[in-house]
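Every chain is numbered from 1, with letters handed out A, B, ... down the list of sequences. The shown structure was predicted, so the numbers you read here are calculated from the model rather than taken from an experiment.
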There are 2 protein chains.
Amino acid sequence: MGMSQTDTVSRILDAAEVLFAERGFTETSLRTITSTAGVNLAAVNYHFGSKKELIQAVFERFLTPFTDSLVADLDRRVAAGERLTVEGLLESLYRTGMNSLAEEGRDPQRFMRLLGLAYTQYQGHLRRFIVSRYGNSYRRFAGLLAQALPGLDPVTFYWRLYFMLGATIFTLSSFDAIEAILREDFGAQSSLPEALERLVPAAAAMLKVNAE
Amino acid sequence: MGMSQTDTVSRILDAAEVLFAERGFTETSLRTITSTAGVNLAAVNYHFGSKKELIQAVFERFLTPFTDSLVADLDRRVAAGERLTVEGLLESLYRTGMNSLAEEGRDPQRFMRLLGLAYTQYQGHLRRFIVSRYGNSYRRFAGLLAQALPGLDPVTFYWRLYFMLGATIFTLSSFDAIEAILREDFGAQSSLPEALERLVPAAAAMLKVNAE
DNA sequence: CAATAATCCAAACGAGCGTTTTAATTGTCG
DNA sequence: CGACAATTAAAACGCTCGTTTGGATTATTG
């Protein structure tokens, strides 16, 4: 087994991650990916099998450390007997997850754009892949959040959960555009952590309407 | 000038609207559009010039009646000296806009999916087109909403506005998927008006955090 | 070091794409 | 009716796409 195999694989993943986040899946050709990565065109089909499987691999590399560290953090806090508030859970989701990506040198914003694409783009295989692979982590988080919101009927809770996800994914995936507008119109500097700090109380208030 | 010209044009627009909302722009070929519409392939280039211009035409047919009736409603209420609350403005945005589409026999949900695509997909020309064409209506609404939220500094207001847009567009554009989950897991029937009724107080609470 | 597997590479394949061309058809109007 | 413009139609163009192929190159291993 060649030493450069791993290298080629990760070079492809690095390039694909950036290009997918920028333009979407269909708009990014394998030729653009491989030439950006500096590898041969056939390498994608050789190492991943197909473009679809490459897309899934990109998401796997992102989502696994993200959900792992989120679930670990949730487990730790539950085991410590900590009382989990709505704000605390959102902090976990935003901060812990983000940090796990930042530690690996990944751009959290790119991650959010990819997550947005996964929901929006016409890629049935991707949605199925994500649900089957990360559904448990999702339900873990959603379950704890529901517990922190007693008095909300399940249907209302579910709608609110989607409102919250929408606000988060939509805003963070177009962070660049929003930041540019704010800088131009108000001369205000913005950062991703600052956006998350604004998001926590706003999303929490939305979730807590009519809850006890 | 042939009578059937208008017919061909609107047949193309009808087909394109549905297909774009389902799969996105790149994933929808002109051949699929024209065969669905039952017209010749060359008709798109003949009547619209190019695929890009067809995309813009689809949005124009959607957005013009939407923003027109929204702005008319805002103007009417301002002229009547009505005091516009956050909830009232969201009601205008959701209800008035939606109704204007429903009256024309258009699917409001499809409209939301298209709006989501406009933000997410990699189509620079489309974003430019929408901003230049509908920027005034957008600023009109945003201005009145800002007035209804005294005590919020402009930067915070802008972030909240994006949180609200995100929650709205994201949720409504995947309404089908959410509805299916709710029906399966809770046996609950959902409708678009009901989703909007849930959205108004939730989004209002989010906007109003720390406002007077 | 020879054999064997893994990887890389250049080239080509077939299919689908948006667009253009050219001719036939249809409608309009003096 | 006949001239002229508008529309429809079929076919082809040039290009890009994802994927496959067959051989060269590199690494691994007995």
Side-chain angles (χ1 to χ4, degrees), chain A residues 1-60 117-118 121-126 128-129, chain B residues 1-60 117-118 121-126 128-129:
Chain A
M1 188 193 290
M3 173 72 225
S4 59
Q5 175 210 22
T6 311
D7 199 51
T8 300
V9 167
S10 59
R11 287 169 70 89
I12 292 174
L13 286 172
D14 286 342
E17 183 179 298
V18 172
L19 292 166
F20 283 155
E22 262 177 21
R23 342 181 168 181
F25 309 119
T26 318
E27 293 83 354
T28 305
S29 71
L30 293 186
R31 282 170 176 81
T32 308
I33 294 172
T34 50
S35 74
T36 302
V39 304
N40 188 271
L41 168 60
V44 169
N45 290 285
Y46 178 76
H47 286 287
F48 296 93
S50 66
K51 189 180 180 180
K52 281 186 183 181
E53 288 165 287
L54 169 62
I55 294 174
Q56 294 177 4
V58 167
F59 274 84
E60 193 169 20
L117 288 181
Q121 303 247 113
Y122 184 66
Q123 298 273 349
H125 70 96
L126 182 56
R128 267 176 270 126
F129 171 78
Chain B
M1 188 192 291
M3 174 71 229
S4 57
Q5 176 210 21
T6 313
D7 200 51
T8 300
V9 167
S10 59
R11 287 170 69 89
I12 292 174
L13 286 173
D14 287 341
E17 183 178 296
V18 172
L19 292 166
F20 284 154
E22 263 176 22
R23 340 182 170 181
F25 309 118
T26 319
E27 293 83 353
T28 304
S29 72
L30 293 185
R31 281 168 177 82
T32 308
I33 293 173
T34 51
S35 73
T36 301
V39 303
N40 188 272
L41 167 61
V44 169
N45 291 89
Y46 178 76
H47 287 289
F48 296 94
S50 67
K51 188 180 180 181
K52 281 187 183 181
E53 287 166 287
L54 170 61
I55 295 175
Q56 295 177 3
V58 167
F59 275 83
E60 192 169 21
L117 288 181
Q121 302 246 114
Y122 185 67
Q123 298 272 347
H125 71 96
L126 182 55
R128 265 177 271 126
F129 171 78

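The OH-P distance, from A:Y46 to D:dT20, rounds to 15 Å in whole Å. Straight-line distance from the CG atom of A:L41 to the C1' atom of D:dC17: 10 Å, rounded to whole Å. Following rounding to the nearest Å, B:K51 (NZ) and C:dG16 (P) show an atom-to-atom distance of 15 Å. Counting to the nearest Å, the C1' atom of C:dT7 and the CG atom of A:N45 are 14 Å from each other. Atom CZ in A:F48 sits about 11 Å away from atom P in C:dC8, given to the nearest Å. In this structure, B:N40 atom CG and D:dA6 atom C1' are separated by 15 Å, rounded to whole Å. Rounded to an integer number of Å, the gap from B:L30 CG to D:dC13 P is 20 Å. What separates CD1 of B:I33 from P of C:dG18 is a distance of 8 Å, to the nearest Å.
Side-chain contact between B:L126 and B:F25 is present, with heavy atoms from C-beta onward closer than 4.5 Å. Side-chain contact check for A:R11 versus A:D7: some heavy-atom pair is nearer than 4.5 Å. Proximity of B:I12 to B:F48: side-chain heavy atoms (C-beta onward) are separated by under 4.5 Å at one or more points.
The phosphate of C:dT7 (OP1 or OP2) has no side-chain N or O of A:T8 nearer than 4.0 angstrom. Checking the phosphate oxygens (OP1, OP2) of D:dC17, a side-chain nitrogen or oxygen of A:S29 falls inside 4.0 Å. The shortest distance between the side-chain N/O atoms of B:H47 and the OP1/OP2 oxygens of D:dT8 is below 4.0 Å.
Within the 3.5 Å criterion, the main-chain N or O of A:R31 finds a donor-acceptor partner in the side chain of A:S35.
Counting non-hydrogen atoms under 4.0 angstrom, B:T26 reaches nothing in the nucleic acid. Residue-level contact check: B:T32 touches neither bases nor backbone, having no heavy atom under 4.0 Å from any strand.
Here the rule is side-chain hydrogen bond (donor to acceptor under 3.5 Å, both in side chains) with A:H125, and of A:Q56, A:E53, A:K52 only A:Q56 fits it.
In terms of position on DNA chain D, the residue among B:A43 and A:S50 whose nearest nucleotide sits closer to the 5' end is B:A43.
With hydrogens and angles ignored, no donor-acceptor pair closer than 3.5 Å exists between the side chain of B:R31 and the base of C:dG16.
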